[in-house]
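Everything on this sheet refers to the single structure shown next.
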Amino acid sequence: MDFHHSAERSMLAETFGRFLQKRYPVEVRHEISASAIGWSPAHWAELAELGVLCGLVSETAGGFGGSGFDIAAIFEQLGRAMAVEPFLGTLMATRTLAMVGGHDGLIGDVLGGASILAFAHEESASRYDLTNIAAHARRDGDAWLLNGGKAVVPQLEAADDIIVSARIAGMKGERAGIGLFLVKRAAPGVVVEGYPLIDGGRAGELQLVDTPGLLLTDDAHPVLEDVVAAGIVALSWEAVGIMDMIKATTLDYLRTRHQFGVPIGKFQALQHRMATVALEIEQARSAAINAANALQGDRAKRERSVSAAKYTIGRAGTLVAEEAIQLHGGMGMTWELPVSHFAKRLVMIGHQLGDEDHHLARFIRFGQAA
Amino acid sequence: MNLDFTPDEERFRAEVRSFLKARLPARIADKVRTGKRLHKKDHEEWHAILHERGWLASHWPPEYGGPGWTTAQAHIFDEEVSLAFAPRVIPFGVSMLGPVLIKFGTSAQKQHWLPRILDGTDWWCQGYSEPGAGSDLASLKTSAVRQGDHYLVNGQKTWTTLAQYADMIFCLVRTSAEGKKQAGISFLLIDMKSPGVEVRPIITLEGEHEVNEIFFTDVRVPVENLVGEENMGWTYAKYLLTYERTSEARVGAATASLAFLKQIAQTEEKGGRPLAEDPLFAARIARVEIDLENMKTTNLRVLAGSGSSAAPLELSAMLKIRGTEIRQELASLARIALGPYAQPFVSEALDEEFQGSRIGPDYAGGLAAHYFNERKLSIFAGSNEVQREIITKVSLEL
């Protein structure tokens with residue numbers, strides 16, 4: 001048993017962390033986040049150069065990482081910096097391509113920074129259910145034409161290509177009959193409506209009208225489960241990174257803010273709330289460790305562990321965010337302090353790839369099936 | 001990162017399992033599982049079986065009769081023993097006094113007391129809390145005054161678990177009123193048969209006699225029963241308390257309770273379906289199950305010695321808080337699962353000799369009592385509020 005990262009992985013995380021500290025301080029982050037495009041092509045190019053993106057992809061697919069703990073090490077640093085760059089879409093899209101095989105050229109372009117991918121699965125009415133897909137694809141000679149909409153796709157406007165799920169057979173709610181397609185951003189019938197997010201960066205609604213797409217797999221459900229599991233590991237560790245930052249900044253505030261002639265951290269009511277926050281953060285870290293560890297495992301263990309983690313992160317994340325604002329008093333309500341932005345991101349992670357209720361229900365289903 | 005036990009450790013787990021299968025008396029395991037009363041002889045029988053195998057003092061070094069296990073092995077053993085519904089080894093001699101004597105005792109004390117702990121000659125109890133010294137333990141008042149070759153002890157201890165069975169008690173006593181209150185405390189071993197020692201039962205809310213008050217009136221204690229140095233007892237007590245907290249995660253016990261709860265929820269019905277399928281109840285079970293899975297990993301992180309910036313003492317305080325919360329919630333859900341049959345309570349039915357008819361399901365009799373008894377978990381071994389103080393001071397540095 002060993003709870004340390006390997007030397008190589010620690011080194012990658014440290015290099016990446018140092019880069020972000022130096023090149024992505026909070027003022028820069030806010031500037032990028034509020035910019036018209038909501039990400040930074042210049043930083044992205046540097047990160048590609050550094051090799052960070054290769055940590056998201058397995059060796060067999062052209063990277064040097066891709067395991068649960070590789071993803072963990074990278075996203076933990078992203079959380080600490082509140083980076084708004086298109087990492088999640090890159091992870092989920094390259095992982096899809098690696099699973100279906102035969103797209104090493106495109107993966108290489110992405111890892112080299114020459115191309116950006118988005119992953120578009122969630123729809124306006126699917127509410128985190130992987131099988132609740134209304135977008136559909138039909139054959140047109142040798143080609144596939146896609147119709148339908150995708151909701152709140154992270155950094156959709158940044159993408160050169162989009163991986164899109166669509167039904168090729170069956171009904172909403174069925175596992176069988178879902179296809180995954182590679183769609184060119186510039187293809188006919190693609191409409192992207194981009195918008196800013198409350199926690200920074202941008203996302204978009206995607207509409208497809210008779211849009212041609214390249215079929216990646218006609219049996220997408222197992223791929224979707226694996227890719228979403230990897231996305232949950234990523235978000236869980238982003239949340240852990242954020243929580244550590246929130247803990248540090250809140251402790252700092254409790255030690256320096258004076259009221260009634262003493263630092264407010266001397267008040268037991270606040271101390272005990274903070275002790276609970278610290279406890280919940282350690283439990284969340286354990287949940288994230290479990291999920292990262294299970295990503296390589298068999299399906300039942302993997303799905304149970306990622307749902308347990310996402311439930312835990314959703315519950316603990318909201319608690320940590322709300323307590324951080326409360327313990328900062330009025331200052332926690334301001335735009336000026338980074339803590340409010342950490343808190344917003346932490347709460348919004350709960351709205352990506354399934355909230356705590358969704359994953360609690362899923363954890364129960366997997367328990368009953370076992 | 002590697003969360004797996006080694007093949008050797010897994011082999012060890014299999015060895016523990018087959019030992020439990022062969023040697024744990026079914027009669028005793030059944031009492032533990034169904035919440036029946038354990039008697040002194042049940043504990044003694046189980047201790048003797050473990051001692052014979054050399055596994056009683058799982059945390060002692062081999063030169064004192066311990067098995068020389070790694071922390072991982074000791075963890076596996078604790079987990080398997082709980083999962084098999086073996087009684088918990090009574091901790092006072094084996095887990096509390098033993099380690100203190102090994103670290104701070106004289107060689108004469110070790111030679112005399114340690115073998116007697118192992119072979120069951122002495123049943124030990126712990127004399128820490130007093131009526132005026134609970135969470136604020138260092139304000140204890142029981143005094144020990146040196147008079148030649150003995151101490152004269154006067155005062156009162158309380159919440160003394162199973163003192164009614166005890167031959168010996170290890171006590172924190174005040175030997176000096178000078179300086180900080182922590183500075184005048186000594187660690188003394190007292191024979192329960194000494195003149196002037198009186199034990200009075202405290203009946204707890206569920207009607208059981210588990211804890212006691214002990215009164216000391218001019219009790220003579222030979223000076224060779226002082227452990228370590230005079231006025232240094234607080235240091236030894238803290239050493240012992242750290243041990244007590246780490247063990248309060250009780251992962252194995254919680255896992256066993258969860259399995260039992262699920263079994264009950266499969267048997268009980270709601271709307272013609274198993275209670276386990278009721279979405280509200282299933283959600284309550286799932287929440288505590290996820291908490292437990294997270295805590296298992298937190299516990300392993302403590303065992304592995306690292307894994308985060310958190311100091312071990314902080315993590316052990318967290319484990320005490322969350323571990324006891326989880327076990328309280330499990331006891332609570334078992335009570336709720338019984339529906340109206342949580343109410344009947346025939347105390348005699350908890351004895352194995354009971355011949356009368358049982359009210360409600362077979363497992364029902366002791367569960368509500370167990371729930372009430374488990375309220376103690378967040379109070380003893382440093383209340384969960386005291387644990388938050390420890391987190392605040394040790395790690396948050398507020």
Side-chain angles (χ1 to χ4, degrees), chain A residues 1-6 9 67-69 72-73 240 244 247-248 250-251 254-255 263-268 270-290 292-294 304-305 307-309 311-312 315-316 356-357 359-365 367-368, chain B residues 1-6 9 70-72 75 262 266 274 276-277 279 281-287 289-310 314-315 317-322 325-326 384-385 387-398:
Chain A
M1 212 171 306
D2 181 9
F3 288 90
H4 293 95
H5 282 312
S6 66
R9 203 178 285 140
S67 78
F69 290 112
V240 168
D244 283 339
K247 181 179 162 187
T250 306
L251 283 172
L254 291 173
R255 290 182 193 124
I264 59 172
K266 293 290 170 206
F267 294 111
Q268 196 176 47
L270 305 193
Q271 290 174 348
H272 284 202
R273 290 178 87 146
M274 197 58 207
T276 301
V277 165
L279 187 164
E280 292 292 350
I281 292 174
E282 293 313 317
Q283 285 283 94
R285 193 188 319 277
S286 290
I289 289 171
N290 288 345
N293 186 56
R304 209 167 160 275
S305 299
S307 277
Y311 158 79
T312 303
R315 189 183 56 71
E356 64 177 279
D357 287 349
H359 283 289
L360 186 65
R362 209 164 167 272
F363 179 87
I364 292 168
R365 279 201 304 281
Q368 284 165 346
Chain B
M1 288 272 189
N2 177 11
L3 276 65
D4 297 327
F5 288 102
T6 65
E9 286 161 353
T70 61
T71 45
H75 167 77
K262 285 182 170 178
Q266 283 298 339
E277 293 173 22
F281 200 76
R284 297 186 73 159
I285 294 182
R287 283 198 180 94
E289 182 168 7
I290 292 172
D291 262 348
L292 175 57
E293 306 249 325
N294 295 342
M295 190 186 66
K296 276 183 191 170
T297 296
T298 311
N299 193 43
L300 293 178
R301 284 164 55 199
V302 175
L303 290 178
S306 176
S308 84
S309 54
E314 175 198 14
L315 280 175
M318 289 176 180
L319 285 175
K320 199 275 171 173
I321 295 172
R322 187 45 50 93
E325 285 173 351
I326 286 172
N384 288 9
E385 287 68 33
Q387 304 301 332
R388 284 185 168 84
E389 292 292 311
I390 291 168
I391 295 169
T392 301
K393 298 217 160 50
V394 170
S395 153
L396 304 183
E397 294 168 10
L398 289 175

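All chains are named by letter (A, B, ...) in the order of the sequence lines, taking the proteins before the strands, and each is independently numbered beginning at 1. All values below come from the heavy atoms of this structure, side chains included, with hydrogens, waters and symmetry mates left out.
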Close side-chain approach of A:Met1 and B:Leu300, heavy atoms under 4.5 Å: yes

Side-chain heavy-atom pair A:His4, B:Met1 within 4.5 angstrom cut-off: no

Can you see which heavy atom on [X] is nearest to which on [Y], and at what distance?
X	Y	result
B:Ile290	A:Ala308	CG2-O, 3.7 Å
B:Glu397	A:Arg255	O-NE, 3.2 Å
A:Asn290	B:Glu293	ND2-O, 3.4 Å
B:Ile391	A:Ala278	CG2-CB, 4.5 Å
B:Ala286	A:Ile364	CB-CG1, 3.4 Å
B:Leu396	A:Ala275	CD1-N, 3.8 Å

side-chain contact (heavy atoms from CB on, under 4.5 Å) partner of A:Leu279, chosen from B:Ile321, B:Thr298, B:Leu315: B:Ile321

Listed partners of A:Ser307 passing side chain to side chain donor-acceptor pair (under 3.5 Å), at least two apart: A:His359, A:Arg362

Working to the nearest 0.5 Å, report the span between [atom1] of [X] and [atom2] of [Y].
X	Y	atom1	atom2	value
A:Arg273	B:Thr392	CZ	OG1	13.5 Å
B:Ser395	A:Glu282	OG	CD	8.0 Å
B:Leu398	A:His272	CG	NE2	10.5 Å
B:Arg287	A:Leu360	CZ	CG	5.0 Å
B:Asn294	A:Tyr311	CG	OH	9.0 Å

Results of salt bridge (charged side-chain N to carboxylate O under 4.0 Å, His left out) for A:Glu280 - residues two or more places apart only: A:Arg315, B:Arg322

Distance-only polar pair, side chains of B:Thr297 and A:Ser286, donor-acceptor under 3.5 Å: no

Heavy-atom donor-acceptor pair, A:Gln283 side chain to B:Asp291 backbone, under 3.5 Å: yes

Engaged part of B:Ala72 at the chain A interface, taking heavy atoms whose separation is under 4.5 Å: neither

Top contributor to chain A contacts, counting heavy-atom pairs under 4.5 Å, from B:Glu389, B:Lys393, B:Glu385: B:Glu389

Side chain, backbone, both or neither of A:Glu356 within contact of chain B (heavy atoms, under 4.5 Å): neither

Closest-packed option against chain B by number of heavy-atom pairs under 4.5 Å, given A:Gly68, A:Ala287, A:Pro263: A:Ala287

